[in-house]
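To keep things clear, I will list the structure first and then write my remarks on it.
Side chains are part of it too, since the values below use all heavy atoms of this structure and drop only hydrogens, waters and symmetry mates. Note that this is a predicted model, so its numbers are computed, not measured.
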Amino acid sequence: MEGDKKGITSEELKQHNKAGDLWISIQGKVYDVSDWANEHPGGDVALLNQAGLDVTDAFIAYHPGTAWKYLDKFFTGYYLTDFKVSETSKDYRKLASEFAKLGLFEKKGHITMYALTSIVLMFCSVLYGVLCCQSVWAHLGSAVVLGFLWIQGAYIGHDSGHYQVMNTRGYNKLAQFLAGNSLTGISIAWWKWTHNAHHLSCNSLDYDPDLQHIPVFAVNSIFFNSIKSYFYGRYLSFDPVARFFVSYQHWTFYPVMCVARVNLYIQTFLLLFSKRKFPDRALNILGILIFWTWFPLLVSCIPNWPERVMFVLTSFAVTAIQHVQFCLNHFAADVYIGLPEGNDWFEKQTSGTLDISCSSWMDWFYGGLQFQLEHHLFPRMPRSQLRRISPVVQDLCKKHNLSYRSLSFWEANVWTIRKLRNVAVQARDLANPVPKNMMWEAVNTLG
């Protein structure tokens with residue numbers, strides 16, 4: 001090292017990889033963020049999943065330029081002696097800098113205003129359909145509208161969790177509180193906890209919670225080994241029950257998506273009333289209480305139980321569109337074990353994502369998340385800019401011989417079902433020691 005600089009190797013840095021002893025490297029400088037982890041706005045999981053690693057690309061992706069000035073107080077005085085930057089990372093960092101100079105991270109457009117306006121109008125139409133109409137068709141239509149309201153509310157919650165969609169942080173938190181907790185019944189705290197981990201470990205079988213759906217789904221046969229989830233801190237047991245469900249997952253995928261919202265409610269309650277520390281617990285609980293006040297009251301205004309059940313199930317089923325979309329973006333993409341390190345951040349994001357191709361007039365429907373790779377590379381980028389930067393991202397992928405996959409909605413569904421079926425067949429082989437009869441052959445052929 002030059003001068004009086006103190007140096008450590010990447011292997012030595014990896015020894016500081018746990019709570020209470022959490023070091024990271026950014027551009028070759030080593031920082032001790034052990035005490036900061038619990039105060040980190042993105043949650044401690046985001047730091048724990050990157051502990052002992054170079055996190056330069058992740059830091060650039062998630063933080064504005066103003067965040068760099070806060071790093072000095074965490075500097076240990078050490079530098080990485082074997083610090084290297086891949087050509088791919090160099091180009092990625094250059095691209096992020098160019099986008100920042102163009103002001104693309106600040107140009108949010110009017111999407112949030114349009115989305116919030118549409119949510120208000122949809123909520124009013126739902127109230128009118130339920131409270132002022134006696135027709136079962138009006139109630140059915142209101143349930144459909146409510147489902148789309150929840151979808152758009154989730155997009156607002158997603159956007160406000162990644163970047164500031166309102167003029168101030170206070171209004172941004174209000175948007176999260178209303179569009180997320182109060183209107184959809186899903187805690188923004190739960191979303192941040194899982195979603196940040198998903199972004200940082202995109203499609204890692206043991207670190208990405210968005211792929212850990214045992215016993216219902218398995219996107220890879222590696223799950224048959226009952227691997228440990230480092231996100232949940234437990235083993236994902238592939239027992240006979242899991243084997244049975246996974247064996248038929250290509251049949252159950254869409255039906256499960258129709259009621260997937262129930263799982264989100266359960267996960268919200270499990271977090272909010274757990275011992276885990278997270279910001280704004282009281283505010284999150286208040287928002288959830290608001291949801292579980294107005295929604296049951298609304299349902300109770302429907303005149304009879306058959307219509308009430310129809311209303312709830314229909315509204316849930318409509319949101320299956322969004323749940324399916326989230327799965328399409330990742331289920332059929334490449335997977336791996338472990339965490340992405342600093343210099344393969346870009347590669348892991350490209351291999352773990354699928355884009356959905358559509359016309360610009362459909363951007364509202366997908367909430368900008370059809371540009372999944374672009375969003376993963378630049379999560380702070382407002383969705384109104386993702387279509388603009390897509391050709392540039394494609395060129396960078398082509399330059400470094402990295403995959404850029406953009407499929408139609410239909411093709412993405414075909415890829416996903418094919419992936420689920422392939423894993424299901426493998427699980428079925430493990431579970432079926434008896435001779436295969438004609439019925440078995442017929443089911444497998446058509447399955």
Practice prompt. Could you go through the side chain to side chain donor-acceptor pair (under 3.5 Å) check for Tyr92 and Glu347 one step at a time?
Written response: CA-CA 10 Å; Tyr92 168 68; Glu347 291 92 329; over 6 Å; no
Item to complete: Check step by step if side chain to side chain donor-acceptor pair (under 3.5 Å) holds for Ser406 and Asp355.
Response: CA-CA 4 Å; Ser406 182; Asp355 280 17; 5.1 Å; no
Item to complete: Verify whether the ring centers belonging to Trp364 and Tyr155 lie closer than 6.0 Å.
Response: no
Worksheet entry | Partner of His198 under ring pair (Phe, Tyr, Trp, His ring centres under 6.0 Å), chosen from His375, His158, His330 | His330
Worksheet item: Step by step, would you call Tyr254 with Asn413 a side chain to side chain donor-acceptor pair (under 3.5 Å)?
Response: CA-CA 10 Å; Tyr254 294 112; Asn413 274 273; 2.6 Å; yes
Fill in: Close side-chain approach of Leu183 and Phe295, heavy atoms under 4.5 Å
no
Discussion item. Between Lys108 and Asp159, does any NZ, NE, NH1 or NH2 come within less than 4.0 Å of an OD or OE carboxylate oxygen?
Written reply: no
Worksheet item: Taking the six-membered ring of Phe346, is the NZ or CZ of Arg93 close enough (under 6.0 Å from the centre) and on axis enough (within 45°)?
Response: no
Worksheet item: Looking only at heavy atoms, what is the nearest atom pair of Gly161 and Trp191, with distance?
Response: CA-CZ3, 3.5 Å
Discussion item. Are the side chains of Tyr230 and Asn49 in contact, using a 4.5 Å heavy-atom criterion?
Written reply: no
Worksheet entry | Aromatic ring proximity, centroids under 6.0 angstrom, Phe331 and Trp415 | no
Worksheet entry | Tyr248-Phe244 aromatic ring centre distance below 6.0 Å | yes
Discussion item. Tell me if the aromatic rings of Phe123 and Trp294 count as close, with their centers under 6.0 Å from one another.
Written reply: yes
Discussion item. Here's one to test your reading of the geometry: is the NZ or CZ of Lys192 within 45 degrees of the ring axis of Phe278 and under 6.0 Å from its centre?
Written reply: no
Worksheet item: When you check the gap from the basic side-chain N to the acidic O, do Arg383 and Asp363 get nearer than 4.0 Å?
Response: no
Worksheet item: If you measure from the Lys or Arg side-chain nitrogens to the Asp or Glu carboxylate oxygens, is any gap between Lys73 and Asp35 under 4.0 Å?
Response: no
